[in-house]
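Read the structure below first, then the notes.
Here is the naming used below: chain letters follow the sequence lines, and residue numbers restart at 1 for every chain.
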Amino acid sequence: MRIATWNVNSVRARFGRIVDFLERRDIDVLAMQETKCTPAQFPREAFEEAGYELEVVGTNQWNGVAFASRLPIEEVQVGFDGMPGYANTPPESGELPLEARALAVSVEGVRLWSLYVPNGRELGHPHYDYKLRWLDALRADTDAWRRANPDQPLALMGDFNIAPLDIDVWDMSVFEGHTHVSAPERAAFQAFLDDGLTDVVRDRGVEGYTYWDYKAGRFPKNEGMRIDFVLGSSSFADLVVDATIERDERAGDAPSDHVPVVVELDMETSIDDDRPMIF
DNA sequence: ATGTCGACTCCGAGTCGA
């Protein structure tokens, strides 16, 4: 089973490119982020004609997460327990609206999340505090789920908006004092690893960035960032047989500013496979 | 280069978000 995560930066602006990628790279399940539309606006036909079913979350032109899968989707969950909300101007009631940033499905018994972690905007901005609280709540919910489902493979996939290592940006001096590289953000990312999840792409030795800003010729200069990840439980990591960062998807006509990250799972492997076949 | 892109409003340039 081949699964991928991709911040598509508007599914309406790019659905042809996305479906072409799914077919060309033989993807079974795609987690999308920044679809930037409501379910009613989602270009379903392009995916469905290619044999993919959809699970879509979106409230307006911002954020939005989705799954496209040509294997049956089960156990859909929108958001997670304790997920904080956000508004630039908090309403009188104090109830902050929940954003479309987290969607979980199960496919072939594998629990998959499509996550669009808040950007944070600037250190000290309310959005930065929101980012850290959002990650903390995700960690708590993931931990609780893993305790309840200790054997089920799980992966957190998406745009984490964090560059965990200095090598994940092209020039650390550019990022001093900015989001994505601050100690609290990196600690929040590390906390998932400390809980026993692993970066299954980095662990296979895959190098390179997953995002290049549209501005300032960042892609031709290869001035990018590695901020899109697949964090898997140990039972998920055991299934992984290949991983790639699809750098070529940043080139050509009307690319997203992010590229897909692909992980291939061997669903046949089991402890029984060493036994002789008896007919 | 203050270097781009996408969605909104509501018809076209300004605004927000990244």
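Taking atom P in both B:dG6 and B:dT2, the straight-line distance is 22 Å, to the nearest Å. Between the P atoms of B:dG3 and B:dG14, the separation comes to 15 Å (whole Å).
Take the nearest nucleotide of DNA chain B for A:G217 and for A:Q41: the residue whose nucleotide is more 5' is A:G217.
Proximity of a side-chain donor or acceptor of A:Q77 to a complementary backbone N or O of A:A104 within less than 3.5 Å is not detected. Proximity of a side-chain donor or acceptor of A:S106 to a complementary backbone N or O of A:G109 within less than 3.5 Å is not detected.
Considering only side-chain N and O atoms, A:R12 lies nowhere under 4.0 angstrom from the phosphate OP1 or OP2 of B:dC5. Dashed line: the shortest gap from a side-chain N or O of A:R218 to OP1 or OP2 of B:dG3 is not under 4.0 Å.
With sequence neighbours excluded, the residues that form a side-chain contact (heavy atoms from CB on, under 4.5 Å) with A:D166 are A:M172, A:R186. Not a single side-chain contact (heavy atoms from CB on, under 4.5 Å) links A:D151 to another residue, sequence neighbours left out.
Under the 4.5 Å side-chain heavy-atom criterion for ILVMFWY residues, a single connected hydrophobic cluster contains both A:V206 and A:V169.
Dense packing is recorded around CZ of A:F42, with more than 12 heavy atoms of other residues, nucleotides or ligands lying under 6.0 Å away.
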What string of B, S and - do you get for nucleotides 13-18 of chain B, 5' to 3', when a contact is any protein heavy atom under 4.0 Å? ---BSB
